[in-house]
Amino acid sequence: MIEKLNAQPLDETKQLIQRKYPELLSEEKEEVKETKEIDFIRKIINEDMKTGKYNGRVHTRFPPEPNGYLHIGHAVSVNLNYGIAKEYNGKFNLRFDDTNPITEEEEYVKSIIEDVKWLGADWEDRLFFASDYFDRLYEYAVQLIKKGKAYVDDLSVEEIRKLRGTVTELGKESPYRNRSIEENLALFERMKNGEFVDGEKVLRAKIDMSHPNLLMRDPVIYRILHRTHHNTGDKWCIYPLYDWAHGLEDSIEGITHSICTLEFEVHRELYDWFLEQLEDEEGNPIFHPQQIEFARLNLSYTVMSKRKLLHLVSEGIVDGWDDPRMPTIAAFRRRGVTPEAIKKFTDGIGVSKRERIVDFSILEHYIREDLEERCPRVMSVIEPLKVIITNYPDDKEEKIEVNNHTRNKDMGKRVITFSKVIYIDNSDFKEKPPEDFYRLAPGRKVKLKYSYTIKCEKVVKDEKTGKIKELHCSYDPDSKTCSTKDDPEVKVSIHWISEKNAIPAEIRLYDRLFLKENPLDVEEGKDFTDYINPDSLKIVKGFVESFLAKAEVGSRYQFERLGYFIIDKDTTKDNLVFNRIITLKDTWSKKLENRK
RNA sequence: AGUCCCCUAGUCUAGCGGCAAGGAUUCCGGACUUUGAAUCCGGUGGCAGGAGUUCAAAUCUCCUGGGGACUACCA
């Protein structure tokens, strides 16, 4: 009780200080920001720097497979890897892990390059392909054979699987396991030369068929695939597998910290084993990067697997990889989200080893925070309701100068028009207003933002349908510069647009793609697509300020009280198209919902 | 079933033997406001459970429980 009494005046003092001397409090805040949180990966790196493990060098990489579009989960990895490289004055590579010509395509290479660049990561001149190293990978394989640590196996896929055993049963050795080094060398060369058909032979590492880690039970490292590769064409008909290729790629590039997701944790043992076996021309062990695993991102109300995203695209559930409802980078870009917002988000959620489903509202928060700063304000009407100001002269027009941003005066001013016929948003009028409804209703007053106070005198309805056609309102000529607090009858000011200043626009209202928090948590007999939000896209015709006809594709605005919008690339000379990036927070309608 | 990994508010995260367990978001109040926005103030809410070590445990050890990875010639 005493605490409460004491707390009261203190809060008030703080609020007073905030109002009068905001700079005092903001300084305080910056100091708090100084204490930077450090994740477990950076801790490992700090330790390595201390011990001089890599001579103070930090070199990371982002190694996508070009078999799909990048999504926000990849952004976590890009930002992490590039961020670390920058922080430690290190380097960052972009490397395509293109060891499987069956699924990989040039189209994906292009989109990935564009996305990584857009995210702000800079690989300078270090854009690499695993396929650049096919020769060296082959040489290393020969070395492994020469050391008696790899052999050519004639077994079929099924036979290999059978002999591998299970997590509880030991594996059995292949009858071809003890071929001579010479025979293996010859056979491997013949594999490379295309003397065998797909699947006829493989090269396997000779490790331990009774190893508790299944991956260590003589893993296949080369398979025969008579396929044209997007990069090397028909030069090769044998291709290395991930475990063989990845560590070697890292080693070749001098990567110090090979950061990947949790599912590769079990692979680390193999990763290390390969690197320990091999040596360079002088007989020294080859460079040995360290693999570190972190938890991938899962976001609520969406799906992240490439397979599922591809399904949404190929089934036409969404309109392509860059449909603004998708979690792909291309979609975020088109939707209007900035790379800076994504960076804030990925920094904000941090990195850890616990599997996580990050709440969508956290992403939304960073998107709003970013847009709030950068978007000029504009008054647009999404669901127009015609309003006639009955006591305003027919042909009179007033120009009103308004700020483009409430706080940031650098964004300049613009001029809007007031006249007899205006449009307001349908949601700002209720014939039978619910409790707490502050906006317009029959007989009620509302402030038109930057302009007059109006009072609803009459509701005109369509005789046939009974739908509201227009509103007849009167205005108060003395109210132009008033604020809402000058008139006890006026609670809020609403946005509006004059007929004289309005041009039509197509407005695409996007919402979350799924209704279910975790769409992968499917009930019996259902599919993840059963949880698609049927209202994830609504297209409406509204009015925007006429100067926007000249605005460029990709420019973002805050439609006052509605949300943030961007001009879409579908815009043509006579069809202006806006995407809603995100709504403004709406505590009032949330309150109404919660009351239900 | 074997090996390995993980477990701090609804969600994400900090903590590294001594904290009133901190921050972000969500939610709920309030101040301010020509955006029911932003901004500001306040509140609800957490160490999976149990034993042990210790003067002292979210932190170290063990057990139990829960979640996950691995049984592809995918990455």
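Proteins get letters first, then strands, A, B, ... in listed order; numbering begins at 1 in each.
Between B:A75, B:U71, B:A38, one nucleotide has an atom nearer to the side chain of A:Asp97 than all others, and that is B:A75. Distance from the side chain of A:Val167 is smallest for B:G2 among the nucleotides B:U25, B:G2, B:U11. Among B:G36, B:G2, B:U11, the nucleotide with an atom closest to any side-chain atom of A:Asp359 is B:U11. The side chain of A:His365 lies closest to B:A24 when the candidates are B:G36, B:U35, B:A24. Listed nucleotides: B:A24, B:A75, B:G36. Nearest to the side chain of A:Tyr366: B:A24. Nearest nucleotide to the side chain of A:Arg356, out of B:U35, B:U13, B:C70: B:U13. Taking the side chain of A:Glu65 as heavy atoms from C-beta on, and the options B:G2, B:C74, B:U71, the nearest nucleotide is B:C74.
Using a 4.0 Å heavy-atom criterion, one finds that A:Lys447 contacts the bases of the nucleic acid, with or without backbone contacts as well. Counting non-hydrogen atoms under 4.0 angstrom, A:Arg439 reaches a base of the nucleic acid. Within the 4.0 angstrom heavy-atom criterion, no nucleotide atom of any strand lies near A:Asn213. Contacts of A:Leu225 with the nucleic acid, taken as non-hydrogen atoms under 4.0 Å apart, are absent. A:His211 comes within 4.0 angstrom of nothing in the nucleic acid, heavy atoms only. Using a 4.0 Å heavy-atom criterion, one finds that A:Lys491 contacts no nucleic acid atom at all. Counting non-hydrogen atoms under 4.0 angstrom, A:Gly563 reaches nothing in the nucleic acid. Nucleic acid contact class of A:Ser156 (heavy atoms, under 4.0 Å, all strands): base. Counting any heavy atom pair closer than 4.0 Å across all strands shown, A:Val202 reaches a base atom. As judged by a 4.0 angstrom heavy-atom cut-off over every strand, A:Leu262 is placed among residues making no nucleic acid contact. The residue A:Lys480 sits close to a base: some heavy atom pair falls under 4.0 Å.
In summary, the side chains of A:Asp347 and A:Tyr366 do not present any donor paired with an acceptor at a separation below 3.5 Å, with no hydrogens or angles considered. For the residue pair A:Lys480 and A:Ser451, no side-chain donor N or O sits within less than 3.5 Å of a side-chain acceptor on the partner. A side-chain donor from one of A:Arg61 and A:Ser258 sits under 3.5 Å from a side-chain acceptor of the other. Side-chain contact annotation: A:Thr453 with A:Asp476, donor-acceptor N/O pair under 3.5 Å absent. The closest side-chain donor-acceptor pair between A:Gln291 and A:His267, if any, does not fall under 3.5 angstrom.
Between A:Lys43 and the phosphate of B:G15, there is a side-chain N or O to OP1/OP2 separation shorter than 4.0 Å. Residue A:Lys591 places no side-chain N or O under 4.0 Å from the OP1 or OP2 atom of B:C28. Close to B:A75, at under 4.0 Å from its OP1 or OP2, lies no side-chain N or O of A:Thr103. Side-chain N/O atoms of A:Arg223 include one lying less than 4.0 angstrom from OP1 or OP2 on B:A75.
When the C1' atom of B:C74 is taken as reference, atom CD of A:Glu263 falls 12 Å away, rounded to whole Å. One can place CZ of A:Arg217 at 18 Å from C1' of B:C73, the figure rounded to the nearest angstrom. Here the P atom of nucleotide B:A37 and the CD1 atom of A:Ile581 are 20 Å apart, to the nearest Å. Spacing between atom OH of A:Tyr271 and atom P of B:A69 amounts to 23 Å, rounded to whole angstrom units. Atom CD1 in A:Ile382 sits about 18 Å away from atom P in B:U35, given to the nearest Å. Computed from coordinates, the A:Ile224 CD1 to B:C74 P distance equals 12 Å when rounded to whole Å. One interatomic measurement links the two molecules: OH of A:Tyr438 to P of B:U34, which rounds to 15 Å at whole-angstrom precision. Rounded to a whole Å, the CG atom of A:Leu241 is 5 Å from the P atom of B:A75.
Straight-line distance between the P atoms of B:U59 and B:G15: roughly 15 Å, to the nearest whole Å.
Scanning RNA chain B for stems, defined as runs of 3 or more consecutive Watson-Crick or G-U wobble pairs whose donor-acceptor distances all fall under 3.5 Å, gives the following ranges: B:2-7 with B:65-70, B:10-13 with B:22-25, B:27-31 with B:39-43, B:48-52 with B:60-64.
For A:Ser300 against B:U11, no side-chain N or O and base N or O form a donor-acceptor pair under 3.5 Å. Counting atom types as modelled, A:His267 pairs no side-chain N or O with a base atom of B:A69 as donor and acceptor under 3.5 Å. One donor-acceptor pair, N or O on each side, does fall under 3.5 Å between the base of B:U35 and the side chain of A:Gln558.
Using a 4.0 Å cut-off between charged nitrogen and carboxylate oxygen, A:Glu545 and A:Arg414 count as a salt-bridge pair. Checked for salt-bridge contact, A:Glu364 and A:Lys585 miss the test: no charged N lies under 4.0 Å from a carboxylate O.
The side-chain ring of A:Tyr242 is not stacked on the base of B:A75, judged by centre separation under 5.5 angstrom and plane angle under 30 degrees.
Among A:Tyr239, A:Tyr151, A:Phe188, the single residue meeting the ring pair (Phe, Tyr, Trp, His ring centres under 6.0 Å) criterion with A:Tyr222 is A:Phe188.
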